[in-house]
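Structure first, commentary second.
Letters go in sequence order (proteins before strands), and every chain restarts at 1. Predicted model, so just to flag it, every value in this text is computed and none were measured. Just the heavy atoms: all of them, side chains too, but no hydrogens, waters or symmetry mates, feed the values below.
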Amino acid sequence: MDITNRFIAEKLNLMGQLLEIRGENVFKIRAFYRAADVIDRMGSPVEGLDETALSSISGIGKAIAAKIREIVKTGTFEELEEVRSGIPEPLIELLSLEGVGPKTVSTLWKKLNVQSIDDLEREARNHRIRALKGFGEKKEEGFMKAIAIHREQSTGRMTRAEADRVVGRVTPALHPGTFEVAGSYRRGKSSVGDIDIVLSESASSINPDLRRVADEIIDVGEKKTSLKVLGRRVDVRFSRPGQFGSMLLYLTGSKAFNIKLREIAIGKGYKLNEYGIEDRSRGGLREFATEEELFSFLGMDYVVPELREDWGEVERAVAHTLPELVTDREIRGDLHVHSSWTDGKLSLPELAQAGDEKGYEYLLCSDHSATLGISHGLDEKSLKSQAHEVELVNRASSCQIIHGIEVDIMADGSLGLESRALAELDLVIASVHSGFTQDRDVMTRRLISAIENENVDIIGHPTGRIMGRRQPVAIDMDRVIDRARETGTALECNASPHRLDLDDLHIREACLKGVRIAIGTDAHDPSEFGNIGYGLLICRRGWAGPGDVLNTLHRNELLEWAS
DNA sequence: GCCGTTTTCGGCCCGACTGTTTTCAGTCG
C-alpha cells in the first residue's frame, strides 16, 4: 500500500489535535501542524526519503523525520498510538464545530464527560454546561447552533465559478475603487473557502447596502462585518485608505506567506501587522496605502497574489529573482473545445466565430472518440468528414480551427481509435473517462502507455478529479511527468472550474522538469470559453512562464511542435 | 518540536471578537 503525503500529513495533524486536547506545549503542537502542512503541500511524495533528507526540509527536524519514517513503515507511529489510547476518538470531531477549540473540548470532557457531538447536544439541551466556570447561556446556545450548522452541511469549498457568483452579488453594493476581494479568491486558488473583502469605507456608511445583498448578517462590528451571501460566508474588513495596502496584504494571505513576511520584518527590527509596520525600538507606525509600497519598504520585489504560498517566492522576492509568469496577453488560443459534431453546442462555423470574438488565433477542436458511448463520439469515417468541414470553415475565418480529438485512454492503456486515424489529425488529446478506481500502479502505467503513443500530444485532465464529486485518480505523478518530458508530451491544465486539473502543485513540478502545459476550457457551450482565465490563474500559481505554456505559441509553431 | 552569519538556548506572527469576566481566556483567520 502506498503511503501518500496526505496520509502522513493527516497522522501528524491528528497528533497535533490530540496534544492540544491534552494541553501540551503550544509550540510543540504548532511544530506538528507545521510539519503536516509542509508535507501536505509538497509536490512530490516523501515516502522514499530517508531521515536525513526529511530533516533537511524546513519545518521538519530529527524527531518528526523519524516519525514520518515510522508512518511509512507501519502506517502510524508509537507516540501517536500512545496518546490516542488515552483520548476517546469522537472527541476529535468536536473540534470541527465552529467556536469549539481544544480547551473547550478538554474542559467539557473532563468536567462533564462529553465525548461526542451527541453528548454535547444533550448536555447543552439540559443546561448543564452553563454551570461550568467560564461557560454561560450564550455558549450553550452557540454550541447548539454550531451543531445544527455542522449537521446541515459538511461545508464544502466553492468552485471558482461559484465564488464568482458570490462576488458578483456582493460587489455591486460597494463603490468602485473602494474595495478589493482578498483571500484565496485573490490568490487564484482552484477552490475557495469563503470570500474576504477589504473596503476603504467605514462600517456605518456601507452596512445598510451590504444588508440588502445578504441572506443573513452573521456579525456586525466597527472593524469587520460578516454576511451570508448565496449560502456562503463573506467577511468584509474595513480599512482606512492610508492603511489599505497592509490590510489587503494581510487578508490576501496565505497564512504561511504572512508569517514569512512578518519574520522578515522582525529580522529588520520591525513588527508587521494589518495596520502597517512598527519600529520595534522606536515605536511609531508607518502606514502603506498600497501593497507595492510595503513590499518595497521591506526591500522585496512585489509578489503577485498567485505566488503567495511560501513556496520559495519570499526568498526570490528578497533576492529580486522572481519568475516571469504567463499572462493573458500571451494566450493565443484555447486548446480543448467541443463542437456539435459530438456533445458540444456550437457548430464549427460558430466555434470559429466565437474564437474570433475572443481574439484567438486558433481553437483546438477536440471532440470525443467513439468509444465514449454517451456523447456519440467520432469514428475514423466521421473524422474524415469533420476534417473536410474544418478546412472549409478555416478558409472563411481568421481564427483557425485546429483539427484534433479527445481520444479515450482505455482501461488497458490502449487508445479508443486506430493509430491510422490519429495520425491524420493535427493534435491529439488523450484522456481517461472510465475505470477510475484502478490501483495506483495500473493507472500510472495506463497513462504512461498513452504518453508513449507517438500520436498523442496532450494528456487531458490527468487526474480526472471533479470537485465535490470525484477524487483524483491514484497515480504516480512523478513517473508520469518524467515520461512526459522524455517523450515531449504536454499535460493539460483543464480550465473547467469543476476540474482545474492539473492543479497548481503538479503544474509546478511539470514546469520545473520542462514539461509543457496546455490550457483548455473543455468548453461544450459558448459560456464556457471564459473559463480559460481559471486555467491561467492555476498555471501562474504553478510558476508557469510563457515558455511553459503551449497556448503562447503561434498556430504554425504549435503545429510544428506537434509534428 | 524546530531553528540559528548576532543565538545550540530561548525564542516561536499578530490582532479581532466573543463571552465571560472586572482584566482575561479561548477561538478564529
Side-chain angles (χ1 to χ4, degrees), chain A residues 12-13 15-17 19-21 23-38 54-68 77 79-80 83 94-108 129-143 145-146 182-184 187 192-198 203 218-226 233-239 243 246-247 249-278 280 285 310 314:
Chain A
L12 295 174
N13 199 61
M15 184 67 180
Q17 292 179 317
L19 292 178
E20 278 206 88
I21 293 172
E24 299 275 335
N25 177 300
V26 291
F27 297 110
K28 179 174 173 178
I29 293 162
R30 194 177 296 171
F32 275 100
Y33 284 140
R34 181 154 176 238
D37 186 51
V38 167
L54 284 167
S55 53
S56 70
I57 300 168
S58 175
I60 295 172
K62 275 185 74 168
I64 291 185
K67 290 178 174 62
I68 292 173
F77 56 98
E79 208 185 326
L80 175 66
V83 177
L94 282 169
L95 287 173
S96 64
L97 296 174
E98 173 97 36
V100 177
K103 303 283 189 199
T104 306
V105 168
S106 176
T107 306
L108 291 171
I129 288 170
R130 61 182 66 173
L132 295 178
K133 187 173 183 224
F135 291 78
E137 209 173 316
K138 290 267 182 64
K139 284 263 188 192
E140 247 172 21
E141 285 168 17
F143 292 151
K145 205 172 165 189
S184 55
R187 299 203 309 282
V192 177
D194 57 18
I195 301 292
D196 297 296
I197 297 176
V198 186
I218 301 170
D219 287 316
V220 176
E222 270 306 298
K223 306 216 166 182
K224 63 187 260 194
T225 287
S226 297
R233 188 187 177 101
V234 176
D235 291 324
V236 180
R237 186 70 187 263
F238 306 104
S239 168
Q243 300 178 333
S246 49
M247 185 63 81
L249 183 83
Y250 163 71
L251 275 178
T252 298
S254 65
K255 188 173 177 174
F257 176 83
N258 283 350
I259 290 174
K260 203 55 167 278
L261 233 56
R262 284 170 178 179
E263 284 169 5
I264 286 186
I266 289 171
K268 292 174 177 286
Y270 301 124
K271 186 176 76 169
L272 168 64
N273 61 26
E274 57 264 53
Y275 303 113
I277 291 180
E278 240 173 75
R280 290 203 140 183
L285 183 73
D310 190 21
V314 174

Legend entry - Distance-only donor-acceptor check, side chains A/Tyr250 and A/Gln243, under 3.5 Å: no
Legend entry - Short side-chain to backbone donor-acceptor contact, A/Ser246 and A/Glu274, under 3.5 Å: yes
Legend entry - Spacing between A/Glu137 atom CD and B/dG19 atom C1', to the nearest angstrom: 12 Å
Inset, instruction - Would you mind reading off the distance between A/Glu141 atom CD and B/dT18 atom P, rounded to a whole angstrom? - result: 15 Å
Inset, instruction - Mind calculating the distance between CZ (A/Phe238) and P (B/dA16) to the nearest angstrom? - result: 15 Å
Inset, instruction - Going 5' to 3' through nucleotides 22-29 of chain B, assign each nucleotide B (protein heavy atom under 4.0 Å from a base atom), S (under 4.0 Å only from sugar-phosphate atoms) or - (no protein heavy atom that close). - result: ----SSSB
Inset, instruction - Would you indicate, yes or no, if B/dC13 has its OP1 or OP2 atom less than 4.0 angstrom from a side-chain nitrogen or oxygen of A/Asn258? - result: no
Inset, instruction - Using the P atom on both, measure B/dC14 against B/dC9 and round to a whole Å. - result: 25 Å
Legend entry - P gap between B/dG15 and B/dT21, integer Å: 27 Å
Legend entry - Side chain A/Ser184, main chain A/Arg187, donor-acceptor under 3.5 Å: no
Inset, instruction - Please state how far atom CG in A/Leu261 lies from atom P in B/dC14, giving the value in whole angstrom units. - result: 12 Å
Legend entry - Atom C1', compared across B/dC2 and B/dT7: separation rounded to whole Å: 14 Å
Legend entry - Rounded distance in Å between the C1' positions of B/dG1 and B/dT8: 15 Å
Inset, instruction - Quickly work out the A/Lys268 NZ to B/dC13 P distance and round it to whole Å. - result: 19 Å
Inset, instruction - Using a heavy-atom cut-off of under 4.0 Å over every strand shown, decide if A/Leu272 touches base, sugar-phosphate, or nothing. - result: sugar-phosphate
Legend entry - Base-pairing assignment for B/dT8 (Watson-Crick or G-U wobble, both under 3.5 Å): none
Inset, instruction - With P as the reference atom in both, quote the distance from B/dT5 to B/dC12 in angstrom, rounded to an integer. - result: 16 Å
Legend entry - A/Arg233 and A/Asp235 ion-paired at < 4.0 Å: yes
Inset, instruction - Please measure how far the C1' atom in B/dC28 lies from the corresponding atom in B/dC13, and state the result in whole Å. - result: 14 Å
Inset, instruction - Assign each of A/Lys271 and A/Gly134 to its nearest nucleotide of DNA chain B by heavy atoms, then name whichever residue's nucleotide is nearer the 5' end. - result: A/Lys271
Inset, instruction - Check the distance between B/dG19's P and A/Leu108's CG and give it to me in whole angstrom. - result: 16 Å
Legend entry - Side-chain heavy atoms of A/Val38 within contact of A/Ser58, under 4.5 Å: no
Inset, instruction - Ignoring backbone atoms, test whether A/Tyr270 places a side-chain nitrogen or oxygen under 4.0 Å from the OP1 or OP2 oxygen of B/dC14. - result: no
Legend entry - Options B/dC13, B/dA16, B/dC2, nucleotide nearest the side-chain atoms of A/Ala31: B/dC2
Legend entry - Within 6.0 Å of CD in A/Glu137, more than 12 heavy atoms from elsewhere: no
Legend entry - Pairwise P distance, B/dG29 and B/dT23 [rounded to whole Å]: 29 Å
Legend entry - Main-chain N/O of A/Arg130 paired to A/Glu140 side chain as donor or acceptor, under 3.5 Å: yes
Inset, instruction - Spell out, as yes or no, whether a donor-acceptor pair under 3.5 Å connects the side chain of A/Asn273 to the backbone of A/Gly276. - result: yes
Legend entry - Note: A/Glu98-A/Lys145 ion pair, threshold 4.0 Å (strictly below): no
Taking only N/O atoms, report every protein-nucleotides 3-12 of chain B pair under 3.5 Å with atom names and distance.
from, atom 1, to, atom 2, distance (Å)
B/dC3, OP1, A/Gly59, N, 2.4

Legend entry - d(CD, A/Glu20; P, B/dG1) in whole Å: 16 Å
Legend entry - Aromatic plane relationship, A/Phe77 with A/Phe32 - under 30° parallel, 30 to 60° tilted, over 60° perpendicular: parallel
Legend entry - P atoms of B/dA25 and B/dT20, separation to the nearest Å: 16 Å
Legend entry - Side-chain donor or acceptor of A/Thr107 paired with backbone N/O of A/Lys103 under 3.5 Å: yes
Legend entry - Length of the CG-P vector between A/Asn273 and B/dC14, whole Å: 8 Å
